[in-house]
Structure formats: structure tokens, C-alpha cells
Amino acid sequence: MYNTTAALRTAFLEFFKSKEHQIVQSSSLVPGNDPTLLFTNAGMVPFKDVFLGAEQRPYTRATSSQRCVRAGGKHNDLENVGYTARHHTFFEMLGNFSFGDYFKQDAIKYAWEFLTKVLELPEEKLLVTVYETDDEAFDIWNKEIGVPAEKIIRIGDKSADKKYESDNFWSMGDTGPCGPCSEIFYDHGEHIWGGPPGSPEEDGDRFIEIWNIVFMQFNRSANGDMAPLPKPSVDTGMGIERIAAILQGVHSNYEIDIFQNLIKSTADLLKVEDLENKSLRVIADHIRSCSFLIVDGVMPSNEGRGYVLRRIIRRAVRHGHKLGAQGIFFNKLVATLVAQMGEAYPELAQKQAVVEKMLRIEEEQFAKTLERGLALLESSLADMQGDVIPGELVFSLYDTYGFPADLTADIAREKGLSIDEAGFEAQMLEQRKKSQAASSFKADYNDQITSQQQSEFRGYDATEFDGKVTELFADGQSVESLADGQQGILVLDNTPFYAESGGQSGDKGEITVSGGSFVVADTQKLGNAIAHYGTANGSVNLGDLAKATIDTARREAIKKNHSATHLIHAALRNVLGEHVGQKGSLVEADKFRFDFSHYEGVTAEQIKEVERQVNQQIQRNLPLGTEVMAIEDAKAKGAMALFGEKYDDEVRVVSMGDYSIELCGGTHVNSTGDIGLFKIISEAGIAAGVRRIEAVTGLAAVEYVHGLENTINQAASVLKAEPSALVEKVEQSVAKVKQLEKELRQLQDKMASQQGSNLTEQVKVVNGVNTLIVNLGAADPKSLRGLVDDLKNKIGSVVMLLVASNDNKVSLIAGVTKDLIGKVKSGDLVNAAAAEVGGKGGGRPDMAQAGGSQPENIDAALAAAEAFIASKLV
């Protein structure tokens, strides 16, 4: 009945829906506003703030099938993927959650009912574990569910001095919510080696954990005290791949329907007959993680999440290379993945074209270096002593050819070798130190401030508002007052000042109190408070009644630019494709920048079309509407959410007619016509797959256009042409300059040849060898190479060094005829002289060049060359 993964997923969600659980859609693989996690790596991650009490949901029971990735950070399964039966970079976690609603009894009852009644797993095949002292859970399993006592295993702490460190005790961190857990295991049968949990053979594959039920029962303090939680909660997780393997009668996760279809598709594509090949497993796993990471906005890059994605792509490509792949192949598997998982995750189907293109581009880039990197590795291994690849070589492959260390480790394992991980990390650390040497960072003492207050933002409709001073800070400390001229932070209970958020910069202005005023230079969020950063003018005291007034001219300019970011977002998606997503912005009064995901350069024609569309919407004078609604309703309406942002259940939707609908908490114009004019001033790439547009609006756009017009008029005046004929005049001037440059080079070559004739008279004979060392003064450096060849032809056999200097730069060139390179090498000669003028160089044995920056030392360079030649011609 549940012989497909899709059917199993539906059955699980529908079962818990029947138990009054809210079905919650899988969240992004990029955790919203959680810097502690690289990726969503467990089903409970989207509910983390709910469990901590920092977020409220309209339901107390939830169920989900959450997509997860473990390929970086603490949970990194990458190296094991493909070589074991149950390791994956991407997996789905089925879960049910209680937020202060039901607890142990119902959680255990639901799990057992689903496994034995819905899925009809034989009870005799199941056994459970509980925390050693959790008698309550033991009794529920034994007395209420009916599991025999011998099939309930108590798992204690790993050592007597490490209390609560057990496989059956879960914690969110060193402090905070924690509690015992109960795991359900499936017995795959005596024909597979392994023992039950807690036994010496527990690492075998016979007994496999399929479900973990966590009872969040305590709050652990910093001193280790365990206080009961006022609202105990439940968090469960069951890997869909593991339970699917059981239902489909197979032992390895790679034998279930999803993987088998991906493996067969890969084998057909690469013409591989052995379907048990480990490389097919690696590729089948990696296409899932890579595709969903791109769907969730991650782009390949050299840092952070993008670097992990790049590593996974390159590992898959390398395994394809092992299987004999000819040309690009990895992106062709996306269609099979969409057929398998597109119904459960519609966003995968919607972004199929984007995923395919990103994978193709990344594979093409890696293909350029793969062969050379593999050749270097093979060559180095042939000469290597021992069975450990040195860290220096691992780093060189990473630094030069983009080989992640785990890719080199993968290759090493196939050859029975290992890598020197410590040596590699030492090299990486040294590189980081060098790259950071030019930078120094100083922490602001205000970073450590925490506010206990809450501010109400009143600035959507008001530019001034009355409030009360509820907190003051100075020098990182809470204070009762600020003296005249003292810098600090002021918090109000109500304020019209917008705190920097969503790319919109914070407001400036003034807050007046009875004893003076506070000049606001910036506004930032401080927990739930809005913090005004500035300087006291007179005395400001805690509890003062205040009138807060923002800089309205600045706010109006910011509103124009902020509204323009919404229009440009929509225009870019229209012109470049729906893969475009906002990756960041900075909205200031004079201009704004907008970062977006795109995998190639934007053409001049595309820039022009984006400008045209935005200005068209401005001319339409679309009314700007705002509405607060449930986030699911907002998404149904078509509102775009920003990548990496975390939203509450109720969100503010900003719409501009039918052209743009986005979730946004910022301030905006009343209608698009208020923007006036929009003009892009620059477009460039800032990271792999990310580009940046800078633009201006309103009067700033008019001034920018006037500036361009003035530049054109000035250029036309210099070239004595009408502005309309400027391009033709410039083309004529460029052609004339090129002709003159050609004639000048011909003249310089002729003069150099004549000079060469004169230089032959300066040849000296040292121990029977012709030598020529000469300072040519301000000669053209570009003519030196030709002059060396000319002198060789004229003199026949010679060792020479020519020096020229221009604009405080020194150019040196050494030449040695082939009959003498056994005695003198040009590279050695030129470096002996270059060292005296602060430079170095290199080249072939018969000709080498160098540069320097100390023309005052040319005489010393000539003397050094003469001494060097004499030493070689003894």
C-alpha cells in the first residue's frame, strides 16, 4: 500500500492531520535568521524559536516533512555518502511536534499506532530505547502499549562523571530546553550482522533506528540545574528514506524507489551497466542536495553555503568522470528528480530550468580544471612515499584547481590512502592569516548591549510622535541620564524613527525633551526595542516625555529608493527570468543598491529594458497598497518573500498595482509616480551567481542625467563637434591616434636599430666573451626586446644587459646567445641587476626581463651585472 516514498509521505502527514496536527510545509534549507546553522539539518529547526518561547504560532500541534542537508559544519556526512547504506547529504525528516500540548503518553501512542496500524509493521520486529532513569516512558511502553520489558532497553550516560550525556538524552545546547528521548528500532533480521542498541555489536546494521521521540521536559541552567519546563513539549523525527526501505523490503536506502530511479537514469545517461557502482549512488544523492539548495537560493561560491554546494557538485562531477562521462551530464538528471519529487515540492518543478542552468555552468567551469588537477595528483602520488597525501599537496590542489579536501580524500580512499588533514588545515589557516593581514576589525562596545524594552514603530503615517524615554545607554552601559555633548543610545516606547531593516537605512532626526534634545544620527533594532544612536544637546533623562521628529526630506528620498527596489526586482524577473531573487539591498537617501541572483552578465540591452519597465510603472502612477495578513494568504496572493529572511505568521504585504507584490516592513511612497525618475548608474558581479545594480531616483536621477549631459557637452566642445555628432568624431579621433601610434612604433624601431649599430662599439671582451652592459636612459621599454634580437644578430656571440628608465620605473632585459647559455643564464643575470633597483624578473635562458622602482640605483645595477658576468666567465 505504501510502496512508494510519495505515498508514505502523504500517509504520515494525513495520519497526524487526523490527530489535529497542522500540516506545515517544509521550510527552506537556509535557516531563517539563524547564524548558528549552516543548513536546516533536522525537522525541528523551523520550530526552534517556538520551543524556546520566542515565537508564537496559531497552533499547538504540527507535522511536517522537512527537507534537510547535512554536508557542512557539525553535521557533515559528505565523506560517507555513497559508501554506506544510510548516509545522505539530503534527506527528508518526517516529524510531529507538540508545543506545550500533549506529552509522553500521546507521543508514544501516536508513533506506535502509525507504525503498527497504518504501516502494519510487525510488532515483533520493533524494539525501543528509553533514557536509563525515565521510568515514566518505560511504563508507558510496557504497561500501556504492551511492549515486553525485554524489548525496552534503558540507555544510560556515557560515563559516570558526565551526567545527561547519553544517546537517549537530547539538548538544544549547553543550556536551555532538554530532556530524555525514546528511540524505535527495526530488526532487519538475523542474516545481517549487528546487535541491539547498548550492546557491543550496536554499530552493526541489523537493528536500525527509525524514529526518535524527544521529550522536552527540563530547562538546564548554566550551573547544570534541571528545572521542569512549565509547558513540556514533544519533537520527533523519522527519516523517510529509512522507513521507505523497510516498507519496500530492502536493506539499503539506495534501493528505494527514489534512488533507484535516479541511479537508473544516471546509468543510462553514462552507459554504465553495473547498477551497484558506488559512484552511481554518490551522483543520485548529490543531485538531490544540489538541486534543492539552488531552489532555496544558494549559489555556488568560494565561501559559506555556496562553497558547500560547490563541493557537492564537484564531487558528483568527479564520480561521473570516474564512470567515463563525456561532456556535461549532471544537470540532465534534474528532470528525473522533478518527476520523483516535483509533486511534493512544487518549487522544484517551478525552478527546474534555473537549477539545470546553474549546474551546467558550474560543471563547465570545473571541467576546465578537473583533468589538470587529476593529472597533478596522479603524478604526485607516483612519487609519494608512504600512504598519507601531504597537506601541502591537498592545499595546492584546492588553491590552484579548486579541489575540495574531501574530494582529494575521496580519491585517496579509492587508492587505499589517506590525507594529512592537519597539514591541510594548517595551510588553510596560514592563507586566512595572509588574507586578513591588511584588515583589522574592532568590536563596537554597543554590540554587547541588550534592551529589555519594546518600542512601537509609528512612522508609517507620522513623521513626528510623542513618546517616553524608557532606556538610555552610554559606553555600553545602562545609564539614568545623558549629559550635554555625550554620545549614547536612547530608547522610546513609541517612535516614528525607522530602524535599519530589510536594506532600508535607519532614520535620522531629533528627539526633544524638557531639558534639551537628542540629535539622532542612526536608528537600529535592539531586540524588540528601536534604538536611536546620537548625541545629547543639553540633558536627557530616563522617563522624560519626548517629541520625536524625523528628517522628513531624507525619509522622502529613502521612500522613493525603497519603492524602486520593489519595481526593479519585478523588472529583473521579467527581463532575466524568474530565477532572479533579491540577495540583499542598501537603501539610502542619495542612491540605492540592489543585489540579485543571476548566473551571467547583464547586457546593455537588458539594462535598458529594465530601466524602461521601471519608468513605465512610475508613469502609470500605480497606487501603493499595504495589508497585514497571514503569511500563507500572502504567498497565495503571489507575494514574494526575500531569501534568508524570517517572517512571522502575520506579515505586511506591499503591492504596487498588479506589477509588484512583496513582503516588506519598510516605508514607501503613496504611488509609483512619486518616485519621479529611475536611472541605473552601474551593474557588476560581486560574487559567483550574484550581481549588483546601483541606481538613483527622483531629483538624484535628474542630477545624474544632467551630469551625463554636461560631460557629453564638454567632450563635444573639446573635439569641436556637435553633441549629436560626438560618436562619429570620437571614432575618427581614435582611428587617427592608432595610426599615429603605429607610425611612432615604426620610428622607434628604426631609431633602436640605429642605436644598436652604435651600441656594438661599446662591446667589451671578458675572458674571450663579448659582453655589453649599457644604460639606454629614457628609451621605450617596449623596444628593448627587439633591440636585443638585433644586437645578437649584429654581434654574433654575446652576453648583454640593457637598462632603461621612465616615470620612476626601471626596465631591464638580459640577452645571451645560445652558445653561451651554458655559462650565463639570462634570468640569473637580470635578477642580479634587478635586486639593486628593488625588483625581480624572469624568462628564458636566452632572454629575461625585470622591472624595478629605484632609478637612482641604476649605476649599482650595472656594476652588479658586470660583477656577475665576470664571476661566470672565469
Task: From Gln613, Gln616, His566, residue fulfilling side chain to side chain donor-acceptor pair (under 3.5 Å) relative to Tyr659 - done: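 So, applying the side chain to side chain donor-acceptor pair (under 3.5 Å) to Tyr659 and each of Gln613, Gln616, His566, only Gln613 qualifies.
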Tell me, which pairs form a salt bridge (charged side-chain N to carboxylate O under 4.0 Å, His left out) where one or both residues lie in [range], sequence neighbours left out?
range	value
residues 502-512	Asp507-Arg555
residues 590-609	Lys357-Glu600, Lys591-Glu694, Asp595-Arg692, Glu605-Lys608, Glu609-Arg612
residues 667-681	Glu611-Lys679
residues 618-629	Arg620-Asp658, Glu627-Lys637

Can you list everything that forms a ring pair (Phe, Tyr, Trp, His ring centres under 6.0 Å) with [X]? Sequence neighbours excluded, please.
X	value
Tyr59	none
Phe596	none
Phe465	none

Whether the side chain of [X] engages the backbone of [Y] through a donor-acceptor N/O pair (distance < 3.5 Å, no angle test) should be reported.
X	Y	answer
Ser563	His668	no
Ser505	Val587	yes
Asn615	Phe678	yes

Open item on the list: Using 30° and 60° as the class boundaries, would you call the ring planes of Phe594 and His569 parallel, tilted or perpendicular?
Closed with: tilted
Open item on the list: On a heavy-atom basis, which atom in Val653 and which in Ile661 lie closest, and how many Å separate them?
Closed with: CG1-CG2, 3.6 Å
Open item on the list: Tell me the closest heavy-atom pair linking Ser455 and Ala529, and the distance in Å.
Closed with: OG-CA, 3.6 Å
Cationic N near anionic O, under 4.0 Å, [X] to [Y]:
X	Y	value
Lys525	Glu500	no
Asp466	Lys547	yes
Arg360	Glu364	yes

Tell me yes or no: between the side chains of [X] and [Y], is some donor less than 3.5 Å from an acceptor?
X	Y	value
Gln582	Ser585	yes
Gln66	Thr40	no
Glu471	Ser478	no
Asn621	Ser671	yes
Thr697	Asn561	yes

Open item on the list: A side-chain contact here means heavy atoms from C-beta on lying under 4.5 Å apart; do Pro300 and Arg311 qualify?
Closed with: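 No, their side chains stay 4.5 Å or more apart.
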Open item on the list: Any heavy-atom pair between the side chains of Leu359 and Cys290 that's under 4.5 Å?
Closed with: yes
Task: Check against side chain to side chain contact (heavy atoms under 4.5 Å, CB included), Thr470 and Leu492 - done: CA-CA 5 Å; Thr470 57; Leu492 296 173; 5.7 Å; no
Task: Approximate separation, where rounding is to 0.5 Å, of Lys351 NZ and Glu578 CD - done: 9.0 Å
Task: From NE2 (His598) to CZ (Arg691), nearest 0.5 Å - done: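 So the NE2 of His598 and the CZ of Arg691 are separated by 7.0 Å.
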TODO: Walk me through it: do Leu624 and Asn670 pass the test side chain to side chain contact (heavy atoms under 4.5 Å, CB included)?
DONE: CA-CA 5 Å; Leu624 187 135; Asn670 293 323; 5.9 Å; no
- [ ] List the steps and the verdict of side chain to side chain contact (heavy atoms under 4.5 Å, CB included) for Val469 and Leu490.
- [x] CA-CA 7 Å; Val469 180; Leu490 183 153; 4.2 Å; yes
Open item on the list: Please determine whether the number of non-hydrogen atoms from other residues, nucleotides or ligands lying under 6.0 Å from atom CG of Leu708 exceeds 12.
Closed with: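 Check passes, neighbour count above 12.
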Which pairs of donor and acceptor atoms, one on a side chain in residues 716-730, lie under 3.5 Å apart (sequence neighbours left out)?
none

Open item on the list: Asp461: which residues meet the salt bridge (charged side-chain N to carboxylate O under 4.0 Å, His left out) condition with it, sequence neighbours left out?
Closed with: none
Open item on the list: Tell me which pairs pass ring-ring contact (aromatic ring centres under 6.0 Å, His included) where either residue lies in residues 492-517, with sequence neighbours left out.
Closed with: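 Passing the test, one end in residues 492-517: Phe457-Tyr498, Phe497-His532.
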TODO: Using side chain to side chain donor-acceptor pair (under 3.5 Å) as the criterion, list what pairs up with Ser655, not counting sequence neighbours.
DONE: none
Open item on the list: For Leu526 and Phe473: C-alpha separation, side-chain torsions, deciding distance, then whether side chain to side chain contact (heavy atoms under 4.5 Å, CB included) applies.
Closed with: CA-CA 12 Å; Leu526 201 62; Phe473 297 94; 4.1 Å; yes
TODO: Check side-chain contact (heavy atoms from CB on, under 4.5 Å) between Gln486 and all other residues, then give those that pass, not counting sequence neighbours.
DONE: Ala474, Leu482, Ala483
